[in-house]
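Since the structure comes first, as structure tokens, the remarks are kept for the end.
Just so it is clear, the structure is predicted and the values come from calculations on it, not from any experiment. What you see below is based on every heavy atom in this structure, not just the backbone, and it leaves out hydrogens, waters and symmetry mates. Order of the sequence lines fixes the chain letters, A, B, ..., with proteins taken first and strands second; residue numbering starts at 1 for each chain.
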2 protein chains.
Amino acid sequence: MPMQDMHLVHHECGDCPIRHRAVCARCEADELQRLEQIKYYRTYQAGQTLIWSGDRMDFVASVVSGIATLTQTMEDGRRQMVGLLLPSDFVGRPGRSTAAYDVTATTDLVMCCFRKKPFEELMVSTPHIGQRLLEMTLDELDAAREWMLLLGRKTAREKIASLLAIIARRDASLRVKAAKGALVFDLPLTREEMADYLGLTLETVSRQMSALKRDGVILLDGKRHVTIPDLDRLLEEAGDDSDGGVLD
Amino acid sequence: MPMQDMHLVHHECGDCPIRHRAVCARCEADELQRLEQIKYYRTYQAGQTLIWSGDRMDFVASVVSGIATLTQTMEDGRRQMVGLLLPSDFVGRPGRSTAAYDVTATTDLVMCCFRKKPFEELMVSTPHIGQRLLEMTLDELDAAREWMLLLGRKTAREKIASLLAIIARRDASLRVKAAKGALVFDLPLTREEMADYLGLTLETVSRQMSALKRDGVILLDGKRHVTIPDLDRLLEEAGDDSDGGVLD
DNA sequence: CGTCAGGTTGAGTTATATCAAATTAAGTGG
DNA sequence: CCACTTAATTTGATATAACTCAACCTGACG
């Protein structure tokens, strides 16, 4: 029975799992206190669309836990994912009143929301928020440009390998301790969502997943549980520059 | 004889053609004065690559006049354009020491450069710069996401029509007075550059240009001079939502 | 055990890429 | 001003990666 769950969790910001990565990362104690006053939590169920493109948006938010997607849809139904939101990622645009994309929860999701008006006022009075938001936006822009290379120039196999590498890398960065050896994770996306991410059809995604499995690049246990025996091999298949793309 | 031209133009910021759109747009007189002290102009010739991916970057800059591109290249030579920089657009990333993309002048180009270190210091002391940069970066992110839809889901014909619409729109916005009726402009890109923008081959670009011409969607005078007799028709061909995509 | 969403696999089609040749445009130096 | 060169572009013929349509699995859940 999917319906909007308004369950009001309430953390102290000090204990917050995304305290040091989210838009509030640079805030001092007093700044955090002001943010506390305008924040509230919302939870959504997997599959739920929280925001439709064109909707009025009266809040901005950080993903606390779970995964959400940004997608664009053409009139005839063609869909392209344009953002994959993980814990600590920011949703919404200060200074804009309507949503530009559909936002959908792909897993159960907890968001830390800020009423937009007061948030915008805080941005003026609290430079640390704007500074952090700029940094995050620049990171997203870099990610978007990497994604553009993928969409425009990579083969289906390279696209799949790239996506798996992105998820593996991110998954590793969320763990406390970097696991050595084989990487193991659960795909947070269906084949169709992967296709929407990659600009492919779900059939092509399925075929290429099978091919990568057949060739030993990945191991599959069920449809979602993935093991990467050799990350370098995967990165080679992804067509990325051999180095990890380390910047600065 | 293409070589770096260090010709030192020197404008007053007050007269600058991009004064009200660039990263300095929100600056007050005193803030502008501090910017003046760390700025210098550089000019480049059409075709010249100003920055190679991985290069050390000791400055950031605004495009004053001309057009530049950001591109990514894979080891085997596949190229994808990931940014098209017009007058007032910003180049470089505060807080990062090396360039992430190749930057190439597609026309003769004038840049207003700021030494990076002092610019970063100014960003801390002068919130108006950071605020404006955030706004510009959010705009670029939106443009990148629109571009992702194009790369992932549009047909070759739609891609070409979309690019022509983008250039036409932008060209119109740079003119003082909006021309009614037919839009006319010169393509600032070669067929190959268009292909790199759109994730196509140059042959496909050429064929689709011919097709749009044959179908009366565009008129061509020479290879570069384009007339759009009916913008709505072009937008229809581009597969975009009928409304102009007006956001806030 | 039946149902249903998610996923896989197969056969045939098609849009775009690739390879190749011809055409146009813009110099450039005699 | 005229050959000659060269880069950009167009056009043609063919190949192929990915799409489409369709059937068939698989596993979770009532």
*Quick one: the side chain of B:Arg214 and the base of D:dT11, do they pair up donor-acceptor inside 3.5 Å?*
no
*Report the C-alpha distance between B:Thr49 and B:Thr104 in whole Å, list the side-chain angles of each, state the deciding distance to 0.1 Å, and finish with yes or no for side-chain hydrogen bond (donor to acceptor under 3.5 Å, both in side chains).*
CA-CA 4 Å; B:Thr49 293; B:Thr104 308; 3.2 Å; yes
*Would you kindly give the CG-to-P distance between A:Leu212 and C:dT8, to the nearest whole Å?*
12 Å
*Please check the phosphate of D:dC19 (OP1 and OP2 only) for any side-chain N or O of A:Thr201 closer than 4.0 Å.*
yes
*In whole Å, what is the span from the CD atom of A:Glu203 to the C1' atom of C:dG12?*
14 Å
_With a 3.5 Å cut-off and heavy atoms only, can you find an N or O donor on one side and an acceptor on the other between the side chain of A:Arg207 and the base of C:dG7?_
no
_Quick one, B:Arg224 and B:Leu189 - any side-chain contact, counting heavy atoms below 4.5 Å?_
no
*asked:* What is the distance, to the nearest angstrom, from the NZ atom on A:Lys213 to the C1' atom on C:dT8?
replied: 10 Å
*B:Arg233 side chain to B:Val217 backbone, donor-acceptor under 3.5 Å*: no
*Length of the line joining B:Lys154:NZ and D:dA18:P, which is rounded to integer Å*: 22 Å
*What is the nucleic acid contact for B:Arg224, judged by heavy atoms within less than 4.0 Å: base, sugar-phosphate only, or nothing?*
sugar-phosphate
*Could you check whether B:Gly47 gets within reach of a base, just the sugar-phosphate, or nothing at all, counting any heavy atom under 4.0 Å?*
nothing
*Mapping A:Thr155 and A:Lys223 to their closest nucleotides on DNA chain D, which lands nearer the 5' end?*
A:Thr155
*With sugar-phosphate meaning primed atoms plus P, OP1 and OP2, does A:Ser210 contact a base, only sugar-phosphate, or nothing at under 4.0 Å between heavy atoms?*
sugar-phosphate
*Measure the CG-CD1 distance between B:Leu187 and B:Ile218 for me, rounded to the nearest 0.5 Å.*
8.0 Å
*D:dA18 C1' sits how many Å from A:Ile160 CD1, rounded?*
12 Å
*Round to the nearest Å and state the distance from B:Leu198 atom CG to C:dA15 atom P.*
18 Å
*asked:* Taking any heavy-atom pair under 4.0 Å as a contact, classify A:Thr190: base, sugar-phosphate, or nothing.
replied: sugar-phosphate
*Heavy atoms under 4.0 Å, any strand shown: does B:Leu202 hit a base, just sugar-phosphate, or nothing?*
base
*Nearest-Å distance for atom pair CZ/P, residues B:Arg191 and C:dT23*: 19 Å
*With side chains defined as the heavy atoms from C-beta onward, is the minimum distance between B:Thr190 and B:Met194 less than 4.5 Å?*
no
_Whole angstroms only, please: what is the CD-C1' distance between A:Glu192 and C:dT8?_
15 Å
